[in-house]
Structure formats: C-alpha cells, structure tokens
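Below is one structure, written out as structure tokens; the observations come after it.
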Amino acid sequence: MKRGKNYKNAVAKYDRNEVFDLQKAVALVKELKFAKFDETVEVHVSLKLLKNQTVRDTVVLPNQFKGEKKILVFCKDDRVQEALDAGAAYAGADEYIDKVKGGWLDFDVAVATPDMMKDVGRLGMILGRRGLMPNPKTGTVTPDFVTAINELKKGRVDFRADKTGVIHLAVGKTSMDSDKIVENIETFLAEMSRKKPTDAKADFVQSVSISSTMGPGVWVDYRIGE
C-alpha cells in the first residue's frame, strides 16, 4: 500500500517495533495524528481463536465521544410513548417497518421487543448489511428497552472478533483527554478478557495496538488492561 508524505513522517518519529504501556501509547497516537479533522482513536486486538470460538459482547464505555445516538425502537403501539419517554428518537411497528423497506435509515441503532422480531426479521437484508439488525446477543432485542436505551445513550457499544480473530473498536477522539481514552480502552480490555472462551489457551490475546483514523499503529502492552 502506498503511503502519503504525512504518514511516512509520522512513522519516522518512533520505533514501530517498540511496545508501549497504555498511557504512553495513547500519548504517542495523539502526537502522531496529522489529519485536519478530529481523528477517531481505535483499538485493534488480535485473538487466538479456534474455529468454533468467537468473542462477542457489549460494553459501556465510561467516556462518551460520539454525538447523540438516534435510536429506533420497534414495538407495539401500546409501548410507543414509553419508548419515546425513555429517549428513543422513533418508536412504532408497521409504520417504521414500511419506512425501512422504502429505504429510510435515519437512525444509528435499532432496538426491538421480542414480539416484533417476526416482522423485523424481514428487514434482515437491509439492516444486516449496515450492522443495524437488532440482536439479543448485543442487548438490542429485549422487552426492557428502557434499560437498553439508557445504556446506549451512555455509550454502550458492541464488539466482535472478525473472521481473522481481530476486534476493532473505536474508543475515543484524538481531541479527548488522554486519561479518558485510556479509561475507555481499559474498560473494553477488561470486558473482553471476561469473555475469554473457557477452553482458550493462555496466549489468547496475541497483540493489542491502537491508532488514529489516518495515523500508524502503536503496539500496546495489553497486560496493562487485564
């Protein structure tokens, strides 16, 4: 892959093979950023997983860095007001199912009550491609949507190892205080460690790195977050 001048200049500022403690790694990522926009800080965790293993869950990051989430709740008419009062941007049944079928996607997260999934499931081709399909594993299919909405607004995100065994997760912005980014990463790593498969080997976590959107990666001593 060809890299631009700014990227090459950033790489020249440090030893790419060095492993840093989390605090120093975050400080270095902030120093290496070069884009004019407020870059997102991402953590990348490579896991050693067997073919039948996966790691997937949700975590509430203590420090918010994204804008207000627009939440759509698929629910029966008698619970619409409850969802709106809890902070949902939209709530309803057939009306919103038809809108989504028509191409409307003006929301960031979709939550559904279990009794709606028979109908919402028909939107799989539309919502699934965009990562918006409600799923009980991520807490977005639940009768207690009030709790789900509260957690989502506080910063709850879902994480999942991809086919190569790597988890990628946005954990902050380069404009944030370093301590807040560190706290978000530590919270995520602790939650991820709790989801370690029972039959996973000792070297379950192979590597952890962090980077900004445009910047180079920095290796992290992952034991800091365990």
Count I, L, V, M, F, W, Y as connected when their side-chain heavy atoms are under 4.5 Å apart, and connections chain through other members. Are [X] and [Y] then in the same cluster?
X	Y	value
Y96	F145	no
V41	Y14	yes
F65	V26	yes
Y90	L84	no
V11	L32	no

Would you indicate whether the side-chain heavy atoms of [Y] and [X] approach each other to under 4.5 Å?
X	Y	result
T187	V59	yes
D108	L152	no
I97	K101	yes
L47	Q53	no
L123	F74	yes
D179	Q23	yes
L127	P134	yes
L105	I126	yes

Do the side chain of [X] and the main chain of [Y] share a donor and acceptor less than 3.5 angstrom apart?
X	Y	answer
W219	N17	no
Q64	K153	yes
N184	V171	yes
K33	T213	no

Give the minimum heavy-atom separation between [X] and [Y], together with the two atoms involved.
X	Y	answer
A35	M214	CB-CG, 3.9 Å
K180	N63	O-ND2, 3.1 Å
A88	V73	CB-CG2, 3.8 Å
T54	A161	OG1-O, 4.5 Å
I149	A83	CD1-O, 3.9 Å
G215	E39	N-OE1, 3.6 Å

query = T138 and side chain to side chain donor-acceptor pair (under 3.5 Å): which partner among T140, N135, T142?
reply = T140
Measure the spacing between [atom1] of [X] and [atom2] of [Y] and express it to the nearest 0.5 Å.
X	Y	atom1	atom2	result
S46	H168	OG	NE2	9.0 Å
K30	I210	NZ	CD1	10.5 Å
R122	K118	CZ	NZ	6.5 Å

ask   = Can E191 and R194 be counted as an ion pair, charged N to O under 4.0 angstrom?
value = yes
ask   = Can a salt bridge be assigned to the pair K173 and D38 using a cut-off of 4.0 Å between side-chain N and carboxylate O?
value = no
ask   = Would you call the rings of F188 and F159 parallel, tilted or perpendicular, where under 30° means parallel and over 60° means perpendicular?
value = perpendicular
T113 side chain to D115 side chain, donor-acceptor N/O pair below 3.5 angstrom = yes
ask   = When you look at K24 and V218, which way does the side chain to side chain contact (heavy atoms under 4.5 Å, CB included) test go after all the steps?
value = CA-CA 10 Å; K24 290 181 180 178; V218 176; over 6 Å; no
From V208, V205, D57, V43, residue fulfilling side-chain contact (heavy atoms from CB on, under 4.5 Å) relative to M192 = V205
